[in-house]
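Here is the structure we will look at.
In this text the structure is predicted, and so the values were computed from the model without any measurement.
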Amino acid sequence: MPYVNIKITKEGGPDGNGPTTDEKAEVIAGVTELLSRVLNKKPSTTFVVIDEVALEDWGIGGMPVIQYRQQVS
């Protein structure tokens, strides 16, 4: 019974509003298919959870993601 947790920042996606419901459904279907094909896991018992995290709650390299992005740009 696989459990996959995907975390993304809320502002992700091409328009800055995060992924659409259809995009999330495609990710869920794709991850489920991958686990079925590669690891022979049953889709009916595969759980995929997508968490959208606010930028201020995400850190990289010891700093908030906004600050990190400014340094690497």
Side-chain angles (χ1 to χ4, degrees):
M1 181 165 37
Y3 173 88
V4 178
N5 187 272
I6 299 168
K7 295 185 182 286
I8 57 173
T9 55
K10 278 191 178 181
E11 48 60 73
D15 59 2
N17 295 324
T20 66
T21 300
D22 289 341
E23 290 168 332
K24 288 178 187 179
E26 188 174 344
V27 168
I28 291 167
V31 168
T32 302
E33 188 279 327
L34 178 69
L35 289 171
S36 176
R37 181 173 44 84
V38 174
L39 299 178
N40 200 32
K41 298 298 182 180
K42 291 182 182 180
S44 62
T45 59
T46 298
F47 296 85
V48 180
V49 177
I50 298 173
D51 291 325
E52 291 185 80
V53 180
L55 284 179
E56 62 268 16
D57 296 331
W58 194 294
I60 303 172
M63 61 187 92
V65 72
I66 296 171
Q67 185 180 356
Y68 176 82
R69 287 178 180 174
Q70 290 170 346
Q71 286 191 355
V72 297
S73 302

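One finds the CG atom of Leu34 at 7.5 Å from the CG atom of Leu39 (value rounded to the nearest 0.5 Å). Put simply, CE on Met63 and CD on Gln70 are 10.5 Å apart, with the number rounded to the nearest 0.5 Å.
Residue-environment remark: NZ (Lys41) stays at or below the threshold of 12 foreign heavy atoms within 6.0 Å. Counting heavy-atom neighbours within 6.0 Å of Glu33 CD, excluding the residue itself, gives a total above 12.
Tracing side-chain contacts under 4.5 Å through hydrophobic residues (I, L, V, M, F, W, Y), one reaches Val72 starting from Leu55; they form part of the same cluster. Neither Val38 nor Phe47 shares a network with the other; the hydrophobic side chains, linked directly or stepwise wherever heavy atoms of I, L, V, M, F, W or Y lie under 4.5 Å apart, form separate groups for each.
Pairing each heavy atom of Lys7 with each of Asp51, the nearest pair is NZ-OD2, 3.0 Å. Here the closest non-hydrogen pair linking Val53 and Trp58 is CB-CE3, 3.6 Å. The two atoms that bring Ile8 and Pro19 nearest to each other are CD1-CG, 3.3 Å, heavy atoms only. The two residues Ala54 and Lys10 come nearest to each other via the heavy atoms N-CG, 4.1 Å.
A donor-acceptor pair is defined here as one N or O able to donate and one able to accept, closer than 3.5 Å; such a pair exists between the side chain of Glu23 and the backbone of Thr20. Listed for the Ser36 side chain is no donor-acceptor partner under 3.5 Å among the backbone atoms of Thr32.
Residues Val49 and Ile6 form no side-chain contact, since every pair of their non-hydrogen atoms from C-beta on lies 4.5 Å or further apart.
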Exercise for the section: Check step by step if side-chain contact (heavy atoms from CB on, under 4.5 Å) holds for Ile66 and Arg69. Expected result: CA-CA 5 Å; Ile66 296 171; Arg69 287 178 180 174; 5.9 Å; no

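Applying the side chain to side chain contact (heavy atoms under 4.5 Å, CB included) test between Leu35 and each of Asn40, Thr46, Val48 identifies Thr46 as the sole match.
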